[in-house]
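A, B, ... follow the sequence lines: proteins, then strands. Residue 1 opens every chain. Fair warning: this is a prediction, and the values are worked out from it, not measured in the lab. Hydrogens, waters and symmetry mates are skipped; everything else that's a heavy atom, side chains included, is used.
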Amino acid sequence: MQTEAMYCVLTNQGDEILATELDERGELLGDPWGLEPDDVADFVDAHEDPRTRWTWHDTGLAYPPILAAGVRVERAHDLRLCRAILRRSALTEGSGIATAPRDALDEEPPLPAGSGAETLFEVPAGAGLPDPVTELRRQLKAVAGSPDPGRLRLLLAAESAGGLAATEMRVAGLPWDSERHRALLTELLGPRVPAGQRPLVLEQLAARIRDALDAPTLNPDSPQEVLSALQSAGLQVTSTRSAELSRIEHPVIEPLLEYKKRVRLLTANGWSWLDTWVVDGRFHADFLPGGVPSGRWAARGGGALQLPKQVRSAVVAHPGWKLVVADAAQLEPRVLAAMSGDTAMAAAGRAGDLYEGIVATGAVPDRNAAKYAVLGAIYGATAGQSGRLLPSLARAFPQALGLVESAARAGERGEKVTTRLGRSSPAPDGRWRDLVSAASGAAGTPAEESRARSILRERGRFSRNFVVQGTAAEWALCWLADLRRRLAALRTPEGQAPELVYFLHDEVMVHAPEELAAPVAEAVRAAADSAGNLLFPGFPIPFPLEVTVVDDYGQA
DNA sequence: ATTAACGGCGCG
DNA sequence: AAAGCGCGCCGTTAAT
């Protein structure tokens, strides 16, 4: 895995692209090449080697033209993604990267222009971006000087592979059946109407709501108006949240909940969403690896990570193709067991369902209790059923609970916390420290003290969750990276290749020719095993998947 | 008129 | 359904 890496840095230099080869210590391996933008893909293809990490400021800008030429790269080093990790990591504190003044590479990645067809190398290098060779050397130095270079190298490799996968997924797009989607909209909302108008079904529901509340001019889209209309009707409610409304009996509740459900479909995934995001039968989502502090991905535009179950049946495999959908079962608790070395919790997860395994230890009465207790431990629940179950969970799994507890305490002390591979939480800002110290001083008023306690606990819950969510994100990145490599080896005799099309925290989707569905499913499982071994070598806990092969995402 | 915060809800 | 975490996006409302 870690056999001598080689870096080939691609960067704009006037009208040319400069390709500079360096070894893993950052030493030049020869004179740089000057390339015409149109020749970059051929150059990459000719120089592709399993040891080479293609290095650039932004995968999302540099990679699409290469992909457009039909060339796929195996490994990369994304300077922006890696900078973000090294800037913050407790393992590289005090390094040149951590202490350098902020520059343009610390900003959000630029928006990719269009759907990736154009040659983005023609765009002049962003102002203020550091020289990539200098930047790479600083990054390599920071890693080499850290107490655990191996962890960080793995993290940077996985993060960069995530960058490649994200770009490939955006360019490929999620196969989308607009006809099926439109049929759904017509069924639930009525015929299409111009933007800004209420479709027929919503108008009818609105009329029923006004009628039931005796409020003829009520705007059902205004929480304020709805709340006061409900209260005028004598209902004891403090908000218009569906969860609260559904506990009440009144003629308005049914149409109101139905209205909320359907208006949500209209505004989030209605006709204008289709017009904006689905191009040539594909939803081109813009994924942002590392977009969340914990290392989870974010997405920009189209709500790619919040596709409601309602519309998933519009994700349809092409004729003769299948969707292979896989999700990791109970990922976060398994990660917690592994990272804390809790062999009792690992044993509970060995036979199959981890929550059932916990029930079998006698710590909790049933599966639901196990689930809420474990999630409550990870999230920092104090009240309710999950809060009450914590003591008995802590007796059964002291290592696991101890890990999240100590993360919470560290957070409350204002310290950073760090994932398995070395991604650290952002340090609390000065305002946070001021608030806390002001309240703890003798002059703190009761209100200040209570406010301070509350933000302390908040920081504790964030930190507790960060280490687990962040390490789970690392597992998922390793899974994705390994899967990506395995998929590259699969191809039909006619040359059709499976496409990675979707990734959602603990779930992946591959669009594959039917005859490759079984090997793809096998690759997905093998990749999960690899990820577990990579992150937690020798620790006896499996990472089982639920894998389905379907024609549309609604069936998964 | 534009921007920011809020309530609400979708996903994990 | 439970209460704790992490997000993005919408329309409304308040602030500028």
Undergrad: Hydrogens and angles aside, do A:Ser530 and A:Arg486 bring a side-chain donor and acceptor to less than 3.5 Å of each other?
TA: yes

Undergrad: Rounded to the nearest angstrom, tell me the gap between atom CG in A:Leu245 and atom P in C:dA1.
TA: 15 Å

Undergrad: Can you find a donor-acceptor pair, distance only, under 3.5 Å between A:Arg241 side chain and B:dG7 base?
TA: no

Undergrad: Examine C:dA14: is either OP1 or OP2 under 4.0 Å from a nitrogen or oxygen in the side chain of A:Gln224? Give yes or no.
TA: yes

Undergrad: Grab the OH-P distance between A:Tyr379 and B:dG12 for me, whole Å please.
TA: 11 Å

Undergrad: NA contact type, A:Ala268, heavy-atom cut-off 4.0 Å: base, sugar-phosphate, or nothing?
TA: nothing

Undergrad: Over all strands shown, is A:Gly301 touching base, sugar-phosphate only, or nothing at heavy-atom distances under 4.0 angstrom?
TA: sugar-phosphate

Undergrad: State whether A:Lys261 places a side-chain N or O below 4.0 Å from either non-bridging phosphate oxygen (OP1 or OP2) of B:dC9.
TA: no

Undergrad: Which part of the nucleic acid does A:Gly302 contact within heavy-atom distance under 4.0 Å: base, sugar-phosphate only, or nothing?
TA: sugar-phosphate

Undergrad: For B:dG12, does OP1 or OP2 lie under 4.0 Å from any side-chain N or O of A:Lys309?
TA: yes

Undergrad: Do the side chain of A:Tyr372 and the base of C:dA2 come within less than 3.5 angstrom through a donor-acceptor pair of N or O atoms?
TA: yes

Undergrad: Select base, sugar-phosphate, or nothing to describe what A:Gly384 touches, counting heavy atoms under 4.0 Å on all strands.
TA: sugar-phosphate

Undergrad: For A:Tyr259, which of A:Gln204, A:Arg264, A:Arg198, A:Glu254 qualifies under side-chain hydrogen bond (donor to acceptor under 3.5 Å, both in side chains)?
TA: A:Arg198

Undergrad: Contact class for A:Ser239 (heavy atom, under 4.0 Å): base, sugar-phosphate, or nothing?
TA: sugar-phosphate

Undergrad: What's the separation between atom CG in A:Leu307 and atom CG in A:Leu504, rounded to the nearest 0.5 Å?
TA: 8.0 Å

Undergrad: If you pin A:Arg264 and A:Ser222 to their nearest nucleotides in DNA chain C, which one's is more 5'?
TA: A:Arg264

Undergrad: Would you please say whether a donor-acceptor pair under 3.5 Å links the side chains of A:Ser424 and A:Thr418?
TA: yes

Undergrad: Tell me: CD1 of A:Ile378 to P of C:dA3, nearest whole Å?
TA: 17 Å

Undergrad: With a 4.0 Å cut-off on heavy atoms, is A:Phe466 in touch with a base, just the backbone sugar-phosphate, or nothing at all?
TA: nothing

Undergrad: Describe the nucleic acid contact of A:Arg457 in one word from base, sugar-phosphate, nothing, applying a heavy-atom distance below 4.0 Å.
TA: nothing

Undergrad: What's the closest nucleotide to the A:Ser242 side chain, out of B:dC9, C:dG6, B:dG12?
TA: B:dC9

Undergrad: Across all strands, who's sitting opposite C:dG4 as a Watson-Crick or G-U wobble pair, both distances under 3.5 Å?
TA: none

Undergrad: What nucleotide among B:dG12, C:dG4, C:dG6 has an atom nearest to a side-chain atom of A:Phe462?
TA: C:dG6

Undergrad: Which part of the nucleic acid does A:Arg296 contact within heavy-atom distance under 4.0 Å: base, sugar-phosphate only, or nothing?
TA: base

Undergrad: Just the rounded figure in Å: distance from C1' of C:dA3 to CZ of A:Arg464.
TA: 13 Å

Undergrad: Taking any heavy-atom pair under 4.0 Å as a contact, classify A:Leu307: base, sugar-phosphate, or nothing.
TA: sugar-phosphate

Undergrad: Output the rounded distance in Å from OH (A:Tyr259) to C1' (C:dC10).
TA: 12 Å

Undergrad: Mind checking if A:Arg300 touches a base, just sugar-phosphate, or nothing, with heavy atoms under 4.0 Å?
TA: sugar-phosphate

Undergrad: If we ignore angles and hydrogens, is there a donor and acceptor under 3.5 Å between the side chains of A:Thr548 and A:Gln555?
TA: no

Undergrad: With rounding to the nearest 0.5 angstrom, report the CG to NZ distance, A:Leu265 to A:Lys261.
TA: 9.0 Å

Undergrad: Is C:dG4 in the syn range, within 90° of 0, or in the anti range?
TA: syn

Undergrad: Between P on B:dC11 and CD on A:Glu332, what's the gap in Å once rounded to a whole number?
TA: 17 Å

Undergrad: At 4.0 Å (heavy atoms only), tell me whether A:Thr267 reaches a base, stays on the sugar-phosphate, or touches nothing.
TA: sugar-phosphate

Undergrad: When you check the side-chain N and O atoms of A:Tyr502 and A:Glu507, is any donor under 3.5 Å from an acceptor?
TA: no

Undergrad: Below the 4.0 Å mark, does C:dA1 have OP1 or OP2 next to a side-chain nitrogen or oxygen of A:Asn368?
TA: no

Undergrad: Assign A:Ala299 to base, sugar-phosphate, or nothing according to its heavy-atom contacts below 4.0 angstrom with the strands shown.
TA: sugar-phosphate

Undergrad: Taking only the side-chain nitrogens and oxygens of A:Thr240, find out if one of them lies under 4.0 Å from OP1 or OP2 of B:dG7.
TA: no

Undergrad: Distance check needed: C:dG6 C1' versus A:Glu458 CD, whole Å only.
TA: 13 Å

Undergrad: May I have the distance from A:Asp221 (atom CG) to B:dC6 (atom P), rounded to whole angstrom?
TA: 21 Å

Undergrad: Please confirm whether any donor atom in the side chain of A:Gln306 sits under 3.5 Å from an acceptor in the base of C:dG8, or the reverse.
TA: yes

